[in-house]
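Following: one structure in structure tokens, then a few remarks.
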Amino acid sequence: MKRALVLGGGGVTGVAWEIGMLTGLAEAGADLTGADIIIGTSAGSVVGALVAGGRPLPEMYAGQLAPPTAELPARLGVTTLLRWAWAAAGRRDEQRARARIGAMALAARTVPEADRRAVIAARLRNRDWPERRLLITAVDARTGEFVVFDREHGASLIDAVGASCAVPGVWPPVTIGDRVYIDGGMRSPVNADLAAGYDRVAILAPVTGGFGPSGRLSRQIAALGGRVVLIQPDGPARRAFGRNVLDPARRAAAARAGHAQSRQESARVADLWTGAAA
């Protein structure tokens, strides 16, 4: 029985909520960190790298409750979201739509790339790719091509996670070799279809809305074939996130909300993860 853990995007609050959820589930006997493969997009790439690297969940959770020190202030506002939607609207070619978003990202004024890289490095601490199977998603900013990084790709773990988290118009695109990348969430905030072929799939998805048909989570889940459990933030968690998912000040509340929500999710997750095959 092959098991996959899929961790979607959702900003700083999404990182915190996923860590709180994973910690609470493990405490309830439904530990998802033993997955055969971990797939991370944007916020999920941070959590996925930590989990695959063997960071203990209690340590990760405690870190989310502590005051943030290395994060840069940012805001994902309505204007940025509307610009993404405008770039993608009415375009049947999803890759070209992503390239338009990439062009917007390349033209945007942001903090220097090196400053943002330092934030990612502080989040990860361990800079080496883990031995466990870890996939991290991104999008080529110039071509719109969807790219999946792993330990064989050649990109450093810090740069792969930085690319996956490079929110267009907010953070600088990430340069790796002669290519430049933006957030993997521009293809799909979850990219759950990468778990095709796995018997059990657990999905933590702080955000689910995508721009094109291939990015729709419902479509991706329908194509998986195996047993799937999808966990999304409940009402208290969404309120904990607030209106700006990039606000580090909301991190602790989002982590606690994920931990609290895990109590109502643990039974079905345990049934998926440890139950008998159908």
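It should be emphasised that the depicted structure is a prediction, and the values quoted were computed from it without experimental measurement.
Side-chain heavy atoms closer than 4.5 Å link hydrophobic residues (I, L, V, M, F, W, Y) into clusters, and following such links, even through other members, never connects Leu32 to Val6. When hydrophobic clusters are built by joining Ile, Leu, Val, Met, Phe, Trp and Tyr residues whose side-chain heavy atoms come closer than 4.5 Å, directly or via intermediates, Val147 is not grouped with Ile101. Note on Leu5: it clusters hydrophobically with Val47, by side-chain heavy-atom contacts below 4.5 Å among ILVMFWY residues. Neither Val269 nor Leu230 shares a network with the other; the hydrophobic side chains, linked directly or stepwise wherever heavy atoms of I, L, V, M, F, W or Y lie under 4.5 Å apart, form separate groups for each. There is no path of hydrophobic side-chain contacts, each under 4.5 Å, that joins Ile136 to Leu194.
Atom CZ of Arg3 and atom OG1 of Thr274 lie 8.0 Å apart (nearest 0.5 Å). Within the model, atoms CG of Leu157 and CG of Asp150 stand 11.5 Å from one another, a figure rounded to the nearest 0.5 Å. Rounding to the nearest 0.5 angstrom, the gap separating the CZ atom in Arg251 from the CD1 atom in Ile19 is 8.5 Å. The distance from atom CG of Leu135 to atom CD1 of Ile39, rounded to the nearest 0.5 Å, is 5.5 Å. A distance of 6.5 Å separates CH2 in Trp171 from CG in Leu246, rounded to the nearest 0.5 Å. Atom CE of Met21 is separated from atom CD of Gln232 by 10.5 Å, given to the nearest 0.5 angstrom.
Taking the six-membered ring where the residue is Trp, Phe149 and Tyr181 present perpendicular rings, their angle passing 60° and hence far from 30°.
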Could you walk me through whether Gln64 and Val15 satisfy the side chain to side chain contact (heavy atoms under 4.5 Å, CB included) test, starting with their C-alpha distance in whole Å, then the side-chain angles of each, then the deciding distance to 0.1 Å, before giving a yes or no? CA-CA 9 Å; Gln64 295 302 304; Val15 170; 4.2 Å; yes
For salt bridge (charged side-chain N to carboxylate O under 4.0 Å, His left out), just list the numbers for Glu94 and Arg187, CA-CA rounded to whole Å, side-chain angles, deciding distance to a tenth of an Å, and then say yes or no. CA-CA 8 Å; Glu94 294 181 28; Arg187 189 261 185 176; 5.9 Å; no
Evaluate the side chain to side chain contact (heavy atoms under 4.5 Å, CB included) criterion for residues Asp159 and Val161: first the C-alpha distance (whole Å), next the side-chain angles of each, then the deciding distance (0.1 Å), finally the verdict. CA-CA 5 Å; Asp159 288 335; Val161 172; over 6 Å; no
Between Val119 and Val111, is a side chain to side chain contact (heavy atoms under 4.5 Å, CB included) present by the stated rule, with each step listed? CA-CA 11 Å; Val119 171; Val111 301; over 6 Å; no
Before you tell me yes or no, could you show the steps for Asp36 and Lys2 under salt bridge (charged side-chain N to carboxylate O under 4.0 Å, His left out), namely the whole-Å CA-CA distance, both residues' side-chain angles and the distance that decides it to 0.1 Å? CA-CA 6 Å; Asp36 299 291; Lys2 298 189 299 179; over 6 Å; no
Kindly determine whether Val245 and Val207 satisfy side chain to side chain contact (heavy atoms under 4.5 Å, CB included), including the steps that lead there. CA-CA 10 Å; Val245 299; Val207 177; 5.6 Å; no
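Of all heavy-atom pairs spanning Gly40 and Ser164, the tightest one is O-OG, 4.1 Å. The heavy-atom pair separating Pro206 from Gly8 by the smallest distance is CD-O, 3.8 Å. Closest approach of Gly169 to Ala108, counting heavy atoms only: CA-CB, 3.9 Å. When all heavy atoms of Ile176 and Ala155 are compared, the closest pair comes out as CG2-CB, 3.9 Å. Of all non-hydrogen atoms in Ile182 and Pro168, the two that sit nearest each other are CD1-CG, 4.0 Å. Residues Leu57 and Ala26 approach most closely at CD1-CB, 3.7 Å, considering heavy atoms.
The backbone N or O of Pro172 lies less than 3.5 Å from no partner atom in the side chain of Glu113, so there is not a single donor-acceptor pair. Of the possible donor and acceptor atoms, none in the side chain of Arg263 sits under 3.5 Å from a partner among the backbone N and O of Ala28. The backbone N or O of Arg238 sits nowhere less than 3.5 Å from a side-chain atom of Trp17 that would complete a donor-acceptor pair. Judged purely by atom type and a 3.5 angstrom limit, Gln261 uses its side chain to pair as donor or acceptor with the backbone of Asp234. A distance-only check finds no donor-acceptor pair linking the side chain of Arg133 to the backbone of Ile37 [under 3.5 Å].
Atom CZ of Arg127 sits in a sparse spot, with 12 or fewer heavy atoms from other residues, nucleotides or ligands closer than 6.0 Å.
The shortest distance between side-chain heavy atoms of Leu25 and Trp273 does not fall below 4.5 Å. Looking only at side-chain heavy atoms (C-beta outward), Arg250 and Asn244 stay at 4.5 Å or farther from each other. Taking the side chain as every heavy atom from C-beta outward, Ile221 and Ile203 approach each other to under 4.5 Å. Under the 4.5 Å side-chain criterion, counting only non-hydrogen atoms from C-beta, Arg116 is not in contact with Thr110. Two residues are said to be in side-chain contact when any heavy atoms from C-beta on lie closer than 4.5 Å; Glu18 and Val46 fail this criterion. With a 4.5 Å cut-off on side-chain heavy atoms, Arg219 and Ser188 do not count as touching. Taking 4.5 Å as the limit, some side-chain heavy atom of Leu7 sits within range of a side-chain heavy atom of Ile38.
Ionic pairing of Arg227 and Asp271 is present here: one or more N-O contacts between side-chain nitrogen and carboxylate oxygen are shorter than 4.0 angstrom.
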